[in-house]
Amino acid sequence: MTKDEISDILENIARLLELKGENPFKIRAYTNGARALDTLTEDFDKIVARDGLGEVEGIGKALVEKITTLARTGKLEYYEELREQFPPDIFTLFDVPGLGAKKIKALYDQLGVHSLTNLERVCRDGQVAALPGFGAKTAENILKGLEQLKKSAGQFRLGDISGLAESLLDDLRSHPRVSLVQVAGSYRRKKPIVRDLDFIVSTRHPKIVLEDFVGHHLVDSVLAHGDTKASVILKNGIQCDIRVVKSEEYPFAVVYFTGSKEHNVRLRSRALERGWSLNEYRFSLAEGRELKEPIPEVYTEADVYRALGLAFVEPELREDRGEIAAAEAGELPQLIEWQNLRGTFHCHTHASDGRASLEEMAHAAEDLGLQYLGIADHSKSSVQANGLDEKRLLEQVARIRELNQTFDGFRIFAGTECDIRKDGSLDFSDEILAQLDYVVVSVHAAFSLSEVEMTDRIIKAISNPYVTMMGHLTGRLLLTREPYKVNVPAIIEAAAATGTIIELNANPRRLDMDWQWWPLAKEKGVRCSINPDAHSTAGLQDLIFGVGSARKGWLTRNDVINTLPLGQIEQELARKRK
DNA sequence: GCCGTTTTCGGCCCGACTGTTTTCAGTCG
């Protein structure tokens, strides 16, 4: 059984224990165990093979045994026994906003509710309202939650809501009663998928600000509206929370609501070591603790970190992936910034499935302040995308060479997004590839190979000396298509061994390779190229999402080849061929 | 169930809002 499957089972155990009303800390131990598995960077199978699970923080003796049993046999008696006590689809009820374990248990015990369908029925026919501890409002809210669940499944791509988030941010910023405002949460941490938007506002007029916010023209419905916070659903279906604080509380609230939860837990325990309690408002004396150091003055977010003996941690890094230790040691990376980009690769034109001409794409890139643009139209196997054959490709190369004569301080690099065929061979011969400035290779068909076959296929492709970089490594389309099965660490190893660059596809539907893998790639010495996979001039602006993911993956400008200026980038592209 | 320079027992983050209650439980983040 794989690591991900086992992690899901630990989550399920936690929920079943919740339904049984078990000790909350025991429940948390299972949740923590699942998370510990999710964040492993070393090969899970290898850890199991060498009995190394016990060294992982959050996995103790009992979990080692259960995880090992699952990994080796695919079964766990303890889990089976728990599962038998509840109907199999009871897990779906946890997805309904407003429903937790206690209510689900009451609904199940007293009304036999075990699925979304019969939950809806008992809400409508008045049975829920009649239960002790429930009422008409609760029934109504559950129905609303069911509606919300059907509508959006509650998840949004970062790129799809950034326009909305920035416009709300602008409106709050220009509100006459608002002094400071920050968008926090997973949006600020640049997670590829976000569930909601969080705004933190400092003001002396909380009532007015909250009233104006819930009345904003983008708001569809109001979930909660109190003295210091409000929750609304926006017209596109995303939930949006706003917290209003005093200016002296603002830095604490921003830290707290930027998260992640795990990062915050680390910060709080550091505070406790000093005898302070940390919450979303302030440092205070921790009850029953000895005050080791006086509580310092805090005016900014950086002050909060400084007080805890830490360098400022960029929001993208706040995922409890070693950033606290690095901040303590003063070893946090200087993360790449948008302004560091000097050019980009993997862009399409109307020769294949893009919408703009070579000239239009080049001008758009120049307007963004870039010095070069790498074209990579599809190759002949991608018939659906009007892929280029050898003749059309070489014509395009000639056209690019001509165009380059007309530029001053700007250059187009001629390339291709060459299909990796099912057997790992490429769509063009080495003789053709040798005439290009660079080559991206990607998988566009035969997604359903086994993990071993897919991994071998890709490694064979990137072993070709003319292949400069690997495009969208897992083929995922966020919220639409699962990644194909591939052994990412093995590809990273192969990329390191062959000197192949791995693309960070900046298209917000892809963001592939995922941020979680970049620290490993960096450690192995694999370099990154942030590419927009642009199919129009506007698509070039997706680079900003790529920069966000690169930052989240701890990358600096030195890790990303397209921060190199014209004059140096050519050598980087030629390096592998030599 | 996990963890440990307060170390093998006894902690484990905590505040806001809602709805159902007459002082609090459940949920959420």
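Quick caveat: nothing in here was measured; it's all calculated off a predicted structure. We name chains A, B, ... by the order of the sequence lines, and we start the count at 1 in each one.
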| When the distance from CG of A:L107 to C1' of B:dT27 is rounded to whole Å, what number comes out? | 14 Å

| request: Rounded off to whole Å, could you give me the CD-to-P distance for the A:E280 and B:dC14 pair? | output: 11 Å

| Is there a donor N/O on one and an acceptor N/O on the other, under 3.5 Å, for the side chain of A:N23 and the base of B:dG1? | yes

| message | So A:I27, base contact, sugar-phosphate only, or nothing? Heavy-atom distance under 4.0 Å. | response | nothing

| request: Flag the pair A:D320 and A:R35 as a salt bridge only when some basic side-chain nitrogen lies within less than 4.0 angstrom of an acidic carboxylate oxygen. | output: yes

| field | Below 4.0 Å: OP1/OP2 of B:dC13 and any side-chain N or O of A:S277 | value | no

| To the nearest Å, how far apart are A:Q239 CD and B:dA16 C1'? | 14 Å

| field | Whole-angstrom distance between B:dC28 and B:dT20, as gauged at atom P | value | 15 Å

| request: Kindly point out which of B:dG1, B:dC13, B:dT20 is positioned nearest to the side chain of A:K66? | output: B:dG1

| field | Distance, C1' atom - from B:dT27 to B:dC13, rounded to whole angstrom | value | 16 Å

| query | Is it the case that A:T2 and A:E5 place a side-chain donor and acceptor less than 3.5 Å from each other? | reply | yes

| remark: Testing B:dC12, B:dG29, B:dG15 for proximity to the side chain of A:Y281, the answer is B:dG15

| query | Among residues 75-105 of chain A, which contact DNA chain B at a heavy-atom distance under 4.0 Å? | reply | A:V96, A:P97, A:G98, A:L99, A:G100, A:A101, A:K102, A:K103

| task | Sort out the partner of B:dC14 for me: Watson-Crick or G-U wobble, both distances under 3.5 Å, none otherwise. | result | B:dG29

| Within less than 4.0 Å of OP1 or OP2 of B:dC13, is there a side-chain N or O belonging to A:R266? | no

| field | Below 4.0 Å: OP1/OP2 of B:dC13 and any side-chain N or O of A:S269 | value | no

| query | If you measure from the C1' atom in B:dG19 to the same atom in B:dT8, how many Å do you get, rounded? | reply | 43 Å

| Expressed in whole Å, how much space separates the P atoms belonging to B:dT6 and B:dG1? | 27 Å

| said: Whole angstroms only, please: what is the CD1-P distance between A:I242 and B:dG29? | reply: 16 Å

| task | Remember a base hit wins even if backbone is also touched, and classify A:A253 as base, sugar-phosphate or nothing at under 4.0 Å, heavy atoms. | result | nothing

| message | Applying a 4.0 Å non-hydrogen cut-off, can you work out what A:D227 is touching in the nucleic acid: base, sugar-phosphate, or nothing? | response | sugar-phosphate

| task | Give a yes or no on whether a salt bridge exists between A:E11 and A:R15, defined as a side-chain N under 4.0 angstrom from a carboxylate O. | result | no

| When we call it a touch if two heavy atoms are under 4.0 Å apart, what does A:Y256 touch: a base, just sugar-phosphate, or nothing? | base

| field | Salt bridge A:R204-A:E248, side-chain N to carboxylate O under 4.0 Å | value | no

| said: The side chain of A:D198 is closest to which nucleotide in this list: B:dG1, B:dG29, B:dT20? | reply: B:dG29

| said: Taking only the P atom of each, what is the distance from B:dC9 to B:dG15 in whole angstrom? | reply: 31 Å

| request: State, without any angle test, whether A:Y256 and A:K261 hold a side-chain donor-acceptor pair at a distance under 3.5 Å. | output: no

| query | At under 4.0 Å between heavy atoms, what does A:N32 touch on the DNA or RNA strands: base, sugar-phosphate, or nothing? | reply | nothing

